[in-house]
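Sequence lines set the chain letters: A, B, ... in the order given, protein chains first and strands last, and positions in each chain run from 1.
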Number of protein chains: 2
Amino acid sequence: MYEVYFESFKNRISLTDEEEALIKNHLSVKKIRKRQYLLQEEDPCRHIAFVEKGMLRSYTVDKNGTEHILQFAPEGWFIADLYSFLAEEPSSYNIEAVEDSELVLISRPAYNELLKTSPKYLEFSHNLVTNAYIAMQRRINDLHERSIEERYADFISRYPQIINRVPQHMIASYLGLTPETLSRVRRRMVSPG
Amino acid sequence: MYEVYFESFKNRISLTDEEEALIKNHLSVKKIRKRQYLLQEEDPCRHIAFVEKGMLRSYTVDKNGTEHILQFAPEGWFIADLYSFLAEEPSSYNIEAVEDSELVLISRPAYNELLKTSPKYLEFSHNLVTNAYIAMQRRINDLHERSIEERYADFISRYPQIINRVPQHMIASYLGLTPETLSRVRRRMVSPG
DNA sequence: AACATCCCTTGATTTAAGTCAATAGATTTT
DNA sequence: AAAATCTATTGACTTAAATCAAGGGATGTT
């Protein structure tokens with residue numbers, strides 16, 4: 001427990017043992033089974049989750065009942081509805097385990113306290129969210145200007161650790177396609193012509 | 001100069017006069033004419049710009065020569081290619097003034113120094129980028145699950161200060177549509193039937 | 001004032017992706 | 001082992017948006 005979390009932390013920001021102990025005091029641990037919810041739409045998001053092991057996904061369900069996946073979070077990634085977490089509003093999406101998973105959680109009170117008391121944690125959080133912002137912006141640009149072939153090829157090369165662990169229709173949903181369309185795109189790609 | 005910047009700052013984080021003076025020392029000011037570039041693709045992004053007055057936009061140009069607008073930044077907003085700024089890599093998009101504008105700039109050395117020396121600035125930056133991240137995530141979800149009518153209606157209600165200041169084809173580009181399609185969507189919306 | 005450029009709209013047509021439906025292979029559950 | 005559910009593929013068809021093309025109104029420039 002906490003191994004992956006602090007490895008990821010120290011890769012960005014150095015930590016003394018005291019600092020690490022302080023931070024660890026504000027965290028907790030949770031195991032979660034495949035298909036189990038960490039967060040359901042309309043519930044307030046009470047934790048930011050870091051994935052030590054396994055994989056989670058966040059998604060919305062539109063009025064037709066179709067799911068739209070916002071994010072996959074494999075080992076070493078964070079996942080939460082940050083808006084709900086910070087504003088204490090009902091969440092607008094669901095977070096669910098795609099595999100049996102082990103999580104490191106931080107609650108909002110612990111988060112706020114750490115931001116105040118631990119400059120290193122503030123730095124770490126700043127670093128994380130900046131990277132997440134950059135990734136999101138790139139994704140919007142991809143949605144705007146790249147063909148679905150390109151987007152799928154990119155996904156494969158960027159996230160090889162995800163592609164073989166989730167069903168294909170979830171990749172389609174992440175990319176904003178129907179499963180049928182992704183299936184046809186794949187056929188077009190293997191036998192070009 | 002700096003009025004809008006520090007108003008925005010103090011709305012989030014309190015500042016003593018000394019803290020404000022320290023931060024101001026790390027900033028500079030720039031005026032820029034309509035259609036002038038602040039940043040061109042392939043150049044490294046050397047500043048984060050805060051818009052005091054006027055409006056900027058960031059966009060990419062695809063292989064067909066079509067522009068795709070990533071962001072509008074009217075008064076009170078920030079704009080930069082953060083990836084390029086932080087990684088010192090060539091920028092992958094352009095930033096240009098949509099109107100004559102006044103900017104407050106921070107360079108990367110000044111930014112890094114302020115993050116180290118001014119806890120308030122780190123807090124401010126953390127706050128800003130967190131909000132920007134939340135907004136980006138919402139936008140991806142909109143691209144996935146909402147119709148173009150809804151997206152356009154949303155844009156109007158969310159950004160009334162932008163809608164009447166930029167040509168319609170730029171709104172189309174921001175929303176990921178052709179100008180023709182947006183024109184037809186508008187017609188459908190005014191006379192429903 | 002004349003010219004050029006930019007901007008928006010509209011029509012006709014093409015194209016890409018979605019929808020609906022069926023099937024078959026995997027995997028999970030009982 | 002059988003039943004049920006989930007998953008991926010494929011075909012036929014529909015639909016929504018892009019593309020191509022033209023025209024007219026604004027706006028800006030010399």
Side-chain angles (χ1 to χ4, degrees), chain A residues 33-36 54-55 57 59-69 72 94 96-100 142-153 155-156 162-193, chain B residues 33-36 55 57 59-69 72 96-100 142-153 155-156 162-193:
Chain A
R33 283 296 181 93
K34 180 172 177 171
R35 297 206 145 256
Q36 195 182 332
M55 190 172 348
R57 66 175 178 129
Y59 64 96
T60 55
V61 181
D62 69 21
K63 51 194 164 201
N64 304 320
T66 308
E67 293 180 359
H68 299 273
I69 296 181
F72 292 108
N94 304 280
E96 180 194 271
V98 179
E99 303 174 347
D100 294 355
D142 285 357
L143 282 170
H144 274 178
E145 99 172 28
R146 317 198 64 186
S147 72
I148 61 184
E149 272 89 349
E150 288 172 319
R151 268 148 62 199
Y152 179 63
F155 185 91
I156 293 175
I162 296 181
I163 197 84
N164 289 314
R165 286 162 60 186
V166 305
Q168 192 172 299
H169 70 265
M170 287 193 189
I171 310 287
S173 169
Y174 177 92
L175 295 173
L177 313 172
T178 60
E180 293 94 328
T181 296
L182 180 56
S183 174
R184 287 187 247 262
V185 165
R186 279 162 51 85
R187 185 173 41 169
R188 282 209 299 271
M189 286 171 72
V190 290
S191 62
Chain B
R33 283 296 180 94
K34 180 171 176 172
R35 296 205 147 258
Q36 195 182 331
M55 187 167 357
R57 67 177 178 127
Y59 64 97
T60 56
V61 180
D62 69 21
K63 52 193 164 201
N64 305 319
T66 308
E67 293 180 358
H68 299 274
I69 296 182
F72 292 108
E96 178 193 273
V98 180
E99 305 174 346
D100 293 355
D142 285 357
L143 282 171
H144 273 178
E145 98 172 28
R146 314 198 66 185
S147 71
I148 61 184
E149 273 89 349
E150 288 172 319
R151 267 147 62 199
Y152 179 63
F155 185 92
I156 293 175
I162 295 181
I163 197 83
N164 290 313
R165 287 162 61 185
V166 304
Q168 193 172 298
H169 70 265
M170 287 192 189
I171 310 288
S173 169
Y174 177 93
L175 296 173
L177 313 171
T178 61
E180 294 94 328
T181 297
L182 180 56
S183 175
R184 287 185 247 263
V185 165
R186 281 162 50 85
R187 186 172 42 168
R188 282 209 298 272
M189 286 172 74
V190 291
S191 61

Considering residues at least two apart in sequence or located in another chain, which fulfil the side-chain contact (heavy atoms from CB on, under 4.5 Å) criterion with A:Gln168?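 Expected list: A:Leu182, A:Ser183, A:Arg186.
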Start and end of the DNA chain C segment that chain B contacts, any atom under 4.0 Å from a heavy atom: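 Terminal contacting nucleotides, 5' to 3': C:dC7 to C:dA12.
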Is any side-chain heavy atom of [X] less than 4.5 Å from a side-chain heavy atom of [Y]?
{"X": "A:His144", "Y": "B:Asp62", "answer": "no"}
{"X": "A:Ile162", "Y": "A:Met55", "answer": "yes"}
{"X": "A:Met170", "Y": "A:Phe72", "answer": "yes"}

Axis deviation across the helix from C:dC8-D:dG23 to C:dT30-D:dA1, five-pair ends, to the nearest 10°: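 Comparing the first five pairs with the last five, the axes sit 50° apart.
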Result of checking A:Arg165, A:Lys34, A:Arg35 against A:Glu99 for salt bridge (Lys or Arg N to Asp or Glu O under 4.0 Å):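 For A:Glu99, the salt bridge (Lys or Arg N to Asp or Glu O under 4.0 Å) check succeeds only for A:Arg165.
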Quick one: is A:Arg186 getting a side-chain N or O under 4.0 Å of the D:dA8 phosphate, OP1 or OP2?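 Checking D:dA8 against A:Arg186, no side-chain N or O comes under 4.0 Å of OP1 or OP2.
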Main-chain N/O of [Y] paired with [X] side-chain donor or acceptor, under 3.5 Å:
{"X": "B:Asn64", "Y": "B:Thr66", "value": "no"}
{"X": "B:Asp100", "Y": "B:Arg33", "value": "no"}
{"X": "A:Asp142", "Y": "A:Arg146", "value": "no"}

Indicate for each nucleotide in nucleotides 12-19 of chain D, in 5' to 3' sequence, whether protein heavy atoms under 4.0 Å reach the base (B), only the sugar-phosphate (S), or nothing (-). B----SSB
For DNA chain D, which residues in residues 162-170 of chain A have a heavy atom at a distance below 4.0 Å?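 Within residues 162-170 of chain A, the residues near DNA chain D are A:Pro167, A:Gln168, A:His169.
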Under-4.0 Å salt bridge between A:Arg57 and A:Glu96: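 Judged by the 4.0 Å cut-off on N to carboxylate O distance, A:Arg57 and A:Glu96 do form a salt bridge.
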Could you give the side-chain donor-acceptor pairs of residues 171-180 of chain A under 3.5 Å, partners two or more places apart or in another chain?
unit_1	atom_1	unit_2	atom_2	d
A:Ser173	OG	A:Glu67	O	3.1
A:Ser173	OG	A:Ile69	N	2.9
A:Thr178	OG1	A:Thr181	N	3.2
A:Thr178	OG1	A:Thr181	OG1	2.9

